[in-house]
Amino acid sequence: MPKYNPAKIEKKWQKYWEDEKLYQVSDSGHDKKNFMLLVEFPYPSGDLHIGHWYAFSVPDIYGRYLRMSGFNVMYPIGFDAFGLPAENAAIKNNIHPRDWTEKNIKNMSKQLRSMGAAFDWTREVSTIDPEYYKWTQWIFLQLYKAGLAYRAETLVNWCPKDMTVLANEQVIDGKCDRCGTAVEQRNLAQWMFKITSFADRLIEDMKDLDWPDSTKLAQKNWIGKSEGININYDVDGTDKQITVYTTRPDTNFGATFIVVAPDSQFVKENKDLFSNPEEIEKYLSESRKKSDLERIAEGRKKTGVSTGLYAVNNLTEKKMPIYVSDFVLASVGTGAVVGVPGHDIRDFEFAQEKGLEVIRVVVGKDGDDSPITKIEQVQEEDGTVVNSQFINGLNIHEATEKIKDYIEEKAWGKRAVNYRLHDWVLSRQRYWGVPIPMVHCADCGYQPVLEKELPIELPPLKDFMPTDDGRSPLAKAGKWLKAECPNCGKPAERETDTMDTFVDSSWYYMRYTDPDNKEEFASKENMAKWLPVPLYFGGAEHNTMHLLYSRFITKALNSQNLVEFSEPFLGRRNHGVILGPNNQKMSKSKGNVVDPDEQVEKFGADTVRMYFAFMGPYDQNYSWNFEGVVGVRRFLDRVWNFTNKLITDNKKLITEPVETRVAIHKAIKNIGEAVKSHKFNVGVSELMKCLNAIENSELSVLSYQSFVKLLAPFAPHIAEELWFRLQMQSRILDSQSESGQVPENYTSIHAEKWPEFDEALLLEESATLVIQVNGKFRDSIKVKRGLSEEEIKKIVLANEKVQKAIDNKEIKKFVYIQDKLTNIVV
RNA sequence: GCCCAGGUGGCGAAAUUGGUAACCGCAAGACACUUAAAAUGUCUCGCUCGCAAGGGCUUGCCGGUUCGAGUCCGGCCCUGGGCACCA
């Protein structure tokens, strides 16, 4: 038998699997249970990086295990191929985004095949394929029909470098998450999805999902539901009212002022009432210029101007001055807050700045009711209400409910719910995306494109450079731009914005069930066979983006009876990030990028896969350790050489000692349990333990086969080769083939069943009994199973080490856990 | 500031879920094979006292519950992540 040469055998088997269509799954016609094992489809950035390997090769272990355990496992793959990087790279390299993207897809498909994953390539989807984005557009139209897609002018995040609008989710610390440029606010008319109308269900429906708690919490916090009350105050001397949202109406007796946001509705509508319009106008233009970043840099310093107006607090009949300040945000609540400086830090800061009255209306546990003069006194987690007439003495939570009831009774306000979540701005002023299928008619306004006209194909523009005027490069596509109004037939113009690529990726999992369907995005029959997705592996960075968007689109389609389920992914597991050897994020500029192709060339795909599995729990981050990989390679070498020993001296493949058989059965049990619970590192470790136990023993053919099967999900190529060689050896196959040709009657190990273990074999006759004295380990002895406490006591007390430890002291207590442990307390 | 996750040898980690802490692997050291090196194999390998037999200590820190705590409870200290002037 030659030396283990992964380069040779891996290519051979990859080709064989593909030729034999081993991983193509049918939707029905079998008696197995369907299981879609979903991984996040990659963006075709150019080359497969180490993160892709981690993301796809480790779940593949699980998929292969499920397959061997009798499931019909679909492991689909595709490309999320629209998006900004293609344009930026295209501009840089003077190449069209489509050419750049298609070249990358080709390259990465090849690289993906070198992983030896059980991908079903016949179901490949690509979001740039018109046959795919036809349905992305169709979904948009369904949402439009349902009133879930609309156009509105709002303050949006604008990236001045990428020259496009960004969703809130794509702004990190006030910067564009793609290029890091400080984001500006612009007032633009944009297409939006009404994700807020599902806010409550997006929170509630999570309780039935088998997702990491951290992911669920991240979504819950992102949606940010708060329950409070909108209170209307009369503006003194006018017929106007001002509405503020508060979650703490119990503190309203301590309210001394009102603050409105510069770009709030109230300011827009009441400019003529302000006593100092010039000063206010100046403040507004200054604050408008400030980016979020500058605002953050400014820290907590409060600025603002008085409007000269007063609001009347019905509870106290006090007049409260109304200010404009940029610490209040127009997009939160009603864009106006009531200032309670005694019990809100921001209000206190503002009051200090403007010399406004501070009233204490809550006392803490210490009962201290002295006037509040320092910021530290403002923080009170819990307390009792004071100085507040009829709610005095109540706990703040009781007071909150009582005052809400009171205000509603008096018709001064109404309970209200607020969300941090805002509607999803999906318009992008960029070329490389799915055109939004709308037409603008001078007479009829915006009209949806007729479904039969889909797809509205992206025109092959030469000049796709973005512009700063807020319009997409598609505005330059003269011929394409012209359309007939679907409503009146007059000449009209197409919408030029493209969709956020998160729309493309929010439904791709549905397409996998029916990738070639020309009539529907996916047939209901096929979706029923596979969906919802039982398990989805991916990165934690999608907690509040892709996963939330996908849930929304699913719920939206479900609300229109277009899909039968309302949650897309029942199970979710996050993977960690692979860092460079210097423990930092891999990046070209840091020069710490580890090329998976190089590692595969050096060690083989099986070693790289198994090393990823072996690193540790799958959801943690690890740095690539060039020295650590060799351990796995050494293991596979040993497996190979061990087989060699068995096969060349085939007397050895007949019988085996009991201990060896036990070791195999233990491995079957432990590895199965480990993989089932996604503890892949434990699985590898158990495999190594098993080899250590059997390596120098004789082994029955059956046990050897079991061992290779256990190896198969982790290292599919070497397992296949060993399986193949065994069949040749045992002359199951008639034709000897050293040329690498696989005979026709060969059956792949990956079509085999996961071995079963014999529970009785694992239950050893004798148990190891741990003996403790005063909780300290003193000895461990082998005892017959099932002995009574009396019998054990006799044996244990006769033990020399125990006697020494007891030292003739009186035994106060004798603890006995059958077949496990005794503890003698003296 | 609020909300998560985590802290175990030189390193990645394991621990039957309250019952022998450190499995498996990396690195390191010694030996064998070799003219030599690599590869491979065998042994040692938490800290500490001891020539040894053997003993003591050890899961971020302090305290508690328990016959018994890495695991449960309370308080604190670090590290990583998410949200953040959200009213």
Side-chain angles (χ1 to χ4, degrees), chain A residues 3 172-173 212-222 224-226 228 244-249 251 259 261 292 295-296 298-302 325-329 331-340 343-347 349-350 379 418-422 540-541 543-544 574 576-577 610-611 614-617 619-632 634-635 637-638 641 670 673-674 679 681-692 696 768-780 801 804 812-817 820-826:
Chain A
K3 259 185 75 182
I172 313 291
D173 293 332
D213 286 341
S214 55
T215 303
K216 290 189 186 182
L217 275 156
Q219 294 214 353
K220 194 169 170 253
N221 292 341
W222 185 263
K225 184 177 182 173
S226 80
V244 302
Y245 173 76
T246 177
T247 55
R248 291 291 306 279
T251 60
V259 188
D292 279 2
R295 247 180 269 261
I296 290 165
E298 218 170 51
R300 305 199 59 97
K301 192 177 152 41
K302 300 288 182 287
S325 172
D326 62 6
F327 87 85
V328 175
L329 309 174
S331 55
V332 178
T334 59
V337 300
V338 54
V340 184
H343 305 286
D344 183 285
I345 288 177
R346 298 150 304 179
D347 295 351
E349 287 163 343
F350 190 75
Q379 289 144 313
N418 248 281
Y419 300 94
R420 210 195 74 100
L421 182 75
H422 289 128
E541 70 274 17
N543 280 351
T544 53
N574 291 339
V577 177
M610 221 165 153
Y611 174 57
F614 190 46
M615 283 181 170
D619 57 356
Q620 309 280 309
N621 298 344
Y622 301 96
S623 48
W624 181 267
N625 182 341
F626 285 105
E627 283 166 336
V629 204
V630 302
V632 174
R634 281 206 273 257
F635 167 75
D637 276 325
R638 273 169 58 206
N641 296 336
N670 292 346
E673 282 172 3
K679 290 165 147 182
N681 57 328
V682 179
V684 177
S685 153
E686 290 296 330
L687 214 43
M688 288 172 167
K689 268 194 237 179
C690 180
L691 181 66
N692 289 347
N696 296 312
T768 306
L769 186 80
V770 171
I771 308 171
Q772 297 181 339
V773 176
N774 285 339
K776 227 172 229 163
F777 173 82
R778 289 297 159 184
D779 203 2
S780 72
K801 288 178 187 167
K804 209 179 142 197
K812 290 186 188 135
K813 195 166 181 179
F814 189 86
V815 180
Y816 176 50
I817 313 292
K820 267 192 174 166
L821 170 140
T822 64
N823 188 11
I824 304 153
V825 186
V826 293

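Chain identifiers are assigned alphabetically (A, B, ...) following the order of the sequence lines, protein sequences preceding nucleic acid strands; residue numbering begins at 1 within each chain.
Across all strands shown, Asn823(A) has heavy atoms under 4.0 Å from base atoms, whether or not it also approaches the sugar-phosphate. Looking at heavy-atom distances under 4.0 Å, Asp637(A) makes no contact with the nucleic acid at all. Among the heavy atoms of the strands lying under 4.0 Å from Val815(A) is at least one base atom, whether or not backbone atoms are also near. Among the protein residues, Val338(A) comes within range of no part of the nucleic acid, since none of its heavy atoms lies under 4.0 Å from any strand. Contact annotation for Gln772(A): base contact, defined as any heavy-atom pair under 4.0 Å involving a base atom. Looking at heavy-atom distances under 4.0 Å, Thr768(A) makes contact with a base.
Rounded to whole angstrom, the span from the CD atom of Glu541(A) across to the P atom of C4(B) amounts to 22 Å. Regarding Tyr816(A), its OH atom lies at a distance of 18 Å from the C1' atom of G18(B), rounded to whole Å. The distance between atom NZ of Lys812(A) and atom C1' of U66(B), rounded to the nearest whole Å, is 15 Å. Spacing between atom CZ of Phe777(A) and atom P of U20(B) amounts to 9 Å, rounded to whole angstrom units. In this entry the distance linking NZ of Lys776(A) with C1' of A69(B) reads 15 Å, nearest Å. As a whole-Å value, the separation of Phe626(A) CZ from C26(B) P is 17 Å. Distance Asp344(A) CG to C86(B) P: 8 Å, rounded to the nearest Å. Distance, Glu673(A) CD to U17(B) P: 11 Å, rounded to whole Å.
In this structure, C11(B) forms a base pair with G25(B), meeting either the Watson-Crick or the G-U wobble geometry with both donor-acceptor distances under 3.5 Å. Remark: A5(B) base-pairs with U79(B); criterion is Watson-Crick or G-U wobble with both hydrogen-bond distances under 3.5 Å. In this structure, A52(B) forms no base pair with any nucleotide, since neither Watson-Crick nor G-U wobble geometry is met with both distances under 3.5 Å. Pairing partner, G41(B): C31(B), with both Watson-Crick or wobble hydrogen-bond distances short of 3.5 Å.
Taking atom P on both G60(B) and G9(B), the two are 7 Å apart, rounded to the nearest angstrom. Spacing between A69(B) and A30(B) at atom P, rounded to whole Å, works out to 40 Å. Taking atom C1' on both nucleotides, A87(B) is separated from G74(B) by 34 Å, rounded to a whole Å. Comparing the P positions of C78(B) and U42(B) gives a spacing of 47 Å, expressed to the nearest Å. Spacing of P atoms, A22(B) relative to G10(B), comes out at 16 Å, to the nearest Å. Annotation: U58(B) and C4(B) have their C1' atoms spaced 30 Å apart (nearest Å). Across G29(B) and C76(B), the matching C1' atoms stand 41 Å from one another, rounded to whole Å. Between U59(B) and G54(B), the two P atoms lie 25 Å apart (nearest whole Å).
In this structure, of C85(B), C83(B), G82(B), it is C85(B) that holds the atom nearest to the side chain of Arg346(A). When distances run from any side-chain atom of Leu329(A) to the nucleotides C23(B), G25(B), C86(B), the shortest one goes to C86(B). Ranking G82(B), A87(B), G41(B) by closeness to the Tyr245(A) side chain, first place goes to A87(B). Counting only heavy atoms from C-beta on, Glu627(A) has its side chain closest to A27(B) among A27(B), A87(B), G55(B).
Contacts of Lys689(A) classified as side chain to side chain donor-acceptor pair (under 3.5 Å), with partners at least two apart in sequence or in another chain: Glu686(A). In terms of the ring-ring contact (aromatic ring centres under 6.0 Å, His included) criterion, residue partners of Tyr611(A) (sequence neighbours excluded) are, by chain and number, Trp624(A).
Just one of Leu329(A), Val244(A), Val259(A) meets the side chain to side chain contact (heavy atoms under 4.5 Å, CB included) condition when paired with Val337(A); it is Val259(A).
A donor N or O paired with an acceptor N or O is not found under 3.5 Å between the base of C83(B) and the side-chain atoms of Asn221(A). Residue Lys302(A) places a side-chain atom within donor-acceptor reach of the base of C85(B), judged by atom type and a 3.5 Å distance cut-off alone.
Within the 3.5 Å criterion, the main-chain N or O of Ser331(A) finds a donor-acceptor partner in the side chain of His422(A). Asn543(A) contributes a side-chain N or O that, together with a main-chain N or O of Ala540(A), makes up a donor-acceptor pair within less than 3.5 Å. A distance-only check finds a donor-acceptor pair linking the side chain of Tyr622(A) to the backbone of Pro617(A) [under 3.5 Å]. Under the 3.5 Å distance criterion, the side-chain polar atoms of Asn621(A) are matched with a main-chain donor or acceptor of Val577(A). Side-chain atoms of Asn418(A) do not come within 3.5 Å of backbone N or O of Ser226(A) as any donor-acceptor pair.
By the rule that a glycosidic angle within 90° of 0 means syn, U40(B) does not qualify and counts as anti. Using a 90° window around 0 for the glycosidic torsion, G55(B) falls outside it and is classed as anti.
Taking the nucleotide of RNA chain B with the nearest heavy atom to each of Gly224(A) and Met688(A), the more 5' of the two is matched to Met688(A). The nearest heavy atom of RNA chain B to Thr544(A) and to Lys813(A) marks one nucleotide each, and the one closer to the 5' end goes with Lys813(A).
For the atom pair CE of Met688(A) and CZ of Phe614(A), the computed distance is 4.0 Å after rounding to the nearest 0.5 Å.
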Original post:
Using a cut-off of 4.0 Å between protein heavy atoms and nucleotide atoms, how would you tag nucleotides 5-16 of chain B 5' to 3' with B, S and -?
Top reply: -------BSSS-
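Scanning both residues, Tyr245(A) and Thr247(A), for their nearest heavy atoms gives OH-CG2, 3.7 Å.
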